[in-house]
Structures are given as C-alpha cells and as structure tokens.
Amino acid sequence: MLNYFGVNKIFSNIIFLSLVLLTSCVKDEIDNGDMITKDYEEFSTSVIGFSGVCFSKDKSSFLVVSDKLGIYELNFDGSTKRQLKYSGHNDFEGISINPATGTIYVADETNMTLNQLSEDELSMSEIYKVLVPNGLSNKGIEGLTYGNDTLYATNQTEPTLLIKYSLVSKKEISRTKVSFATYLSDICFDSTDNTLWICDSQQKKIYHCKLNAELIATQSIEFVSKAEAIAIDRAANIAWIGCDQTGNLYKVKIKI
C-alpha cells in the first residue's frame, strides 16, 4: 500500500514529465516558426483582385488597385478609407505615386499602358504603351513604381522584364531581362538607397535588387498564396504585401 509520501512522489514525477513534454512541444513549435513570434501580421481587406499597392502622399495610408473594381485608399489595418472617384473599367495591376506632387500612376495590363490619374481623380491619360514582342496574353505589365522622375514597370513573365520610362524625356530608356525571377508581380522603388524591391507570386519570394536588376538579396514569403503587391517602409523595416487570391494585406518583417 502506498503511503502519503509515495503518492506525493508519484504526482511530483508526473508533473515533472508533463513539464518536460510541454517544453519540448513548445520548443518544436518555436523551431518550426509556428508559435510565439511571427515575422508577419495579416489583415483582411475588401479589395477583390488585390494587384498593386503604394503609400499615399503623406504615408498615412495606402493606395491600392484591384484588377476588377478600381482604386482604393486603405488604412494600415486593411480597412477601406475610401474608393477613388475614377470609375473606368480597367485591368489595373500596378500603382505608384510621386511623393512630391501627389501625381498617381497606374499600369493597365490588358492595354499594356502606363497611365496618369487626373488631379480630380475622374479620368486617366495614357503616358506610354509598352510593346513586348511575342509577349503572353494576361502575363504582361504587372508592376509599377515611381522613382526620381522615372517609372519602373515589370513585364510579368516570358519574358521577365524590368522596363524604365523617363518622365522627363518621355521615352523608354532601357529594358532588362530579369533572370532571378519567374513572375514579376509588383515592384517598389526604395528611395533610401535607390534600389528596387520585387515580389514573385510564383516563387513566393521578395527580391531586393539594384536599378539594373542585379540581385542583392532574397526573402521567402511562403505564407502569401499569391503576392501581387509590394510597398516598402525601410525605416520601419517592413514590407507590405498584397495577396491577389485572398485580398489580404500582410505586414512582413524585412530580414534581408
């Protein structure tokens, strides 16, 4: 028959083993990146076909394009601040802004055009029509960003191209084959060091590269099912990623 001390010892051993198992489980979950800390936050939005994102002029919100429903302004928690007035039916895939003037630029994949939104937000004027010989239908101009009086656009695939258009000379000044990516889904100019950030929806990665498309570093974003929008906040070390499939907005810690 067990006395009081025997029973107490058994319970002590059970508690000790339970703590060991729990610690092991927690460690495994931490090692697998599934617990305690995440490198991202996820926010739902009302944007269907989330295809491009940039900061607003004062960086207090986002401007976002839907490839189905137009242009929106979103808060950082993904909630809709407003829908812009423009009501045309376009296949918008990229959006950017001149932070000094507030001029908004938009890429239309179906028409393969780079466009400027009017100041009253009611009309769109074509700046440049991009020609890609033997390009694939619905795999064309997918990303757009503004930097130093230049528009940087990406042709999504076959071929994967970085195209530069000068707003001063009003001419295409270069196009470069991008060898490290398979789907150039969006692009963002980084004014802190005059570099570019690109997201690839097929490889589920973000790339940091030079203006000549020379790769600097790569970071996985496996948790985003179809990344088609990217905005970079270098001061906060954050990449904001929009998902075309779910409409969700991701706040991702930059680790590269």
Side-chain angles (χ1 to χ4, degrees), residues 49 51-57 63-68 70-71 84-178 181 183-191 194-201 209-213 228-232 242:
S51 297
V53 62
C54 70
F55 287 101
S56 61
K57 183 181 177 182
L63 295 175
V64 169
V65 287
S66 160
D67 58 14
K68 298 175 174 63
I71 308 171
L84 275 62
K85 299 174 186 176
Y86 180 75
S87 58
H89 297 287
N90 300 79
D91 181 13
F92 291 141
E93 295 289 351
I95 186 168
S96 193
I97 191 170
N98 179 335
T101 64
T103 303
I104 297 171
Y105 302 97
V106 182
D108 185 313
E109 185 177 35
T110 295
N111 297 323
M112 292 290 285
T113 55
L114 309 182
N115 310 280
Q116 181 176 320
L117 184 66
S118 62
E119 191 172 345
D120 61 10
E121 300 179 358
L122 293 175
S123 62
M124 196 78 63
S125 57
E126 181 181 313
I127 295 174
Y128 182 59
K129 186 173 182 66
V130 182
L131 299 177
V132 179
N134 303 314
L136 299 180
S137 176
N138 200 37
K139 303 293 182 185
I141 297 301
E142 191 78 11
L144 181 68
T145 192
Y146 170 92
N148 298 333
D149 293 322
T150 301
L151 292 179
Y152 298 84
T154 54
N155 193 71
Q156 187 177 48
T157 193
E158 295 186 37
T160 48
L161 295 174
L162 171 63
I163 298 165
K164 301 181 189 179
Y165 176 84
S166 170
L167 291 165
V168 177
S169 66
K170 302 186 186 310
K171 294 180 180 179
E172 181 179 320
I173 53 178
S174 69
R175 60 175 60 190
T176 307
K177 178 73 168 67
V178 180
Y183 265 57
L184 303 179
S185 301
D186 199 17
I187 187 170
C188 179
F189 178 81
D190 188 341
S191 61
N194 291 334
T195 56
L196 298 169
W197 294 80
I198 294 172
C199 62
D200 186 322
S201 61
C209 65
K210 297 181 181 180
L211 297 182
N212 63 357
E228 291 207 356
I230 185 169
I232 296 295

Can Leu211 and Leu196 be said to form a side-chain contact (heavy atoms from CB on, under 4.5 Å), step by step? CA-CA 6 Å; Leu211 297 182; Leu196 298 169; 3.7 Å; yes
Identify, with sequence neighbours excluded, every residue that meets side-chain contact (heavy atoms from CB on, under 4.5 Å) alongside Lys210. Asn212, Glu214, Ile216
Ser123 OG to Leu117 CG distance, which is reported to the nearest 0.5 Å: 7.0 Å
Provide the closest heavy-atom pair for Val53 versus Ile95 in the form atom of the first, atom of the second, distance. N-CG2, 3.7 Å
If the plane angle is over 60° it's perpendicular, under 30° parallel, otherwise tilted; pick one for Tyr152 and Phe189. parallel
OG1 on Thr154 to CZ on Arg175, rounded to 0.5 Å: 12.5 Å
Report yes or no: does Ser185 contribute a side-chain atom to a donor-acceptor pair with the main-chain N or O of Ser201 at less than 3.5 Å? yes
Decide if atom NZ of Lys177 counts as having more than 12 heavy atoms of other residues, nucleotides or ligands within a radius under 6.0 Å. yes
For Ile97 versus Phe55, what's the shortest heavy-atom pair and its separation? CG2-O, 3.3 Å
Without swapping roles, check the side chain of Ser166 against the backbone of Ile173 for a donor-acceptor pair under 3.5 Å. no
Thinking salt bridges, do Glu126 and Lys129 make one under a 4.0 Å N-O criterion? no
Should Asn155 and Met112 be marked as a side-chain contact (heavy atoms from CB on, under 4.5 Å) after you check the CA-CA gap, both sets of side-chain angles, and the distance that decides it? CA-CA 9 Å; Asn155 193 71; Met112 292 290 285; 3.7 Å; yes
Can you see which heavy atom on Leu122 is nearest to which on Lys85, and at what distance? CD2-CB, 3.7 Å
Could you check if a side-chain atom of Ile198 sits within less than 4.5 angstrom of a side-chain atom of Leu162, using non-hydrogen atoms only? no
Identify the two heavy atoms, one from Phe92 and one from Ser51, that lie closest to each other, and give their separation to 0.1 Å. O-CB, 3.7 Å
Exercise: identify the closest heavy-atom pair between Asn148 and Tyr146: N-CE2, 3.9 Å
Spacing of Leu167 atom CG and Thr150 atom OG1 [to the nearest 0.5 Å]: 7.0 Å
Answer whether the closest heavy-atom distance between the side chains of Thr113 and Met124 falls below 4.5 Å. no
Whether over 12 other heavy atoms sit under 6.0 Å from Glu158 CD: no
Listed by chain and number, what are the ring-ring contact (aromatic ring centres under 6.0 Å, His included) partners of Tyr183, not counting sequence neighbours? none
Distance col, row Cys54:SG vs Ile232:CD1, nearest 0.5 angstrom, shows 13.0 Å
Side chains of residues 100-109: which donor-acceptor pairs under 3.5 Å do they make with residues two or more places apart or in other chains?
from   : atom 1 : to     : atom 2 : distance (Å)
Thr101 : OG1    : Asn98  : ND2    : 3.4
Thr101 : OG1    : Thr103 : N      : 3.2
Thr101 : OG1    : Thr103 : OG1    : 3.0
Asp108 : OD1    : Thr110 : N      : 3.1
Asp108 : OD1    : Asn111 : N      : 3.0
Asp108 : OD2    : Asn90  : ND2    : 3.0
Asp108 : OD2    : Asn111 : ND2    : 3.2
Glu109 : OE2    : Lys139 : N      : 3.4
Glu109 : OE2    : Gly140 : N      : 2.8

Answer whether the closest heavy-atom distance between the side chains of Thr157 and Glu142 falls below 4.5 Å. no
Does any N or O in the side chain of Thr160 come within less than 3.5 Å of the main-chain N or O of Val178, such that one atom is a donor and the other an acceptor? yes
Interatomic distance, CG@Leu161 vs OG1@Thr176, rounded to 0.5 Å, equals 8.5 Å
Tested for side-chain hydrogen bond (donor to acceptor under 3.5 Å, both in side chains) against Trp197, the lone hit among Asp190, Asp186, Thr145 is Asp190
To the closest 0.5 Å, what do you measure between OG (Ser125) and CG (Leu114)? 11.5 Å
Heavy-atom side-chain proximity of Glu172 to Ile163 below 4.5 angstrom: yes
Which atom pair, heavy atoms only, marks the closest approach of Asn138 to Gln156? O-OE1, 3.8 Å
Is any side-chain heavy atom of Ser96 closer than 4.5 Å to a side-chain heavy atom of Leu151? no
4.5 Å side-chain heavy-atom contact, Tyr86 and Ser118: no
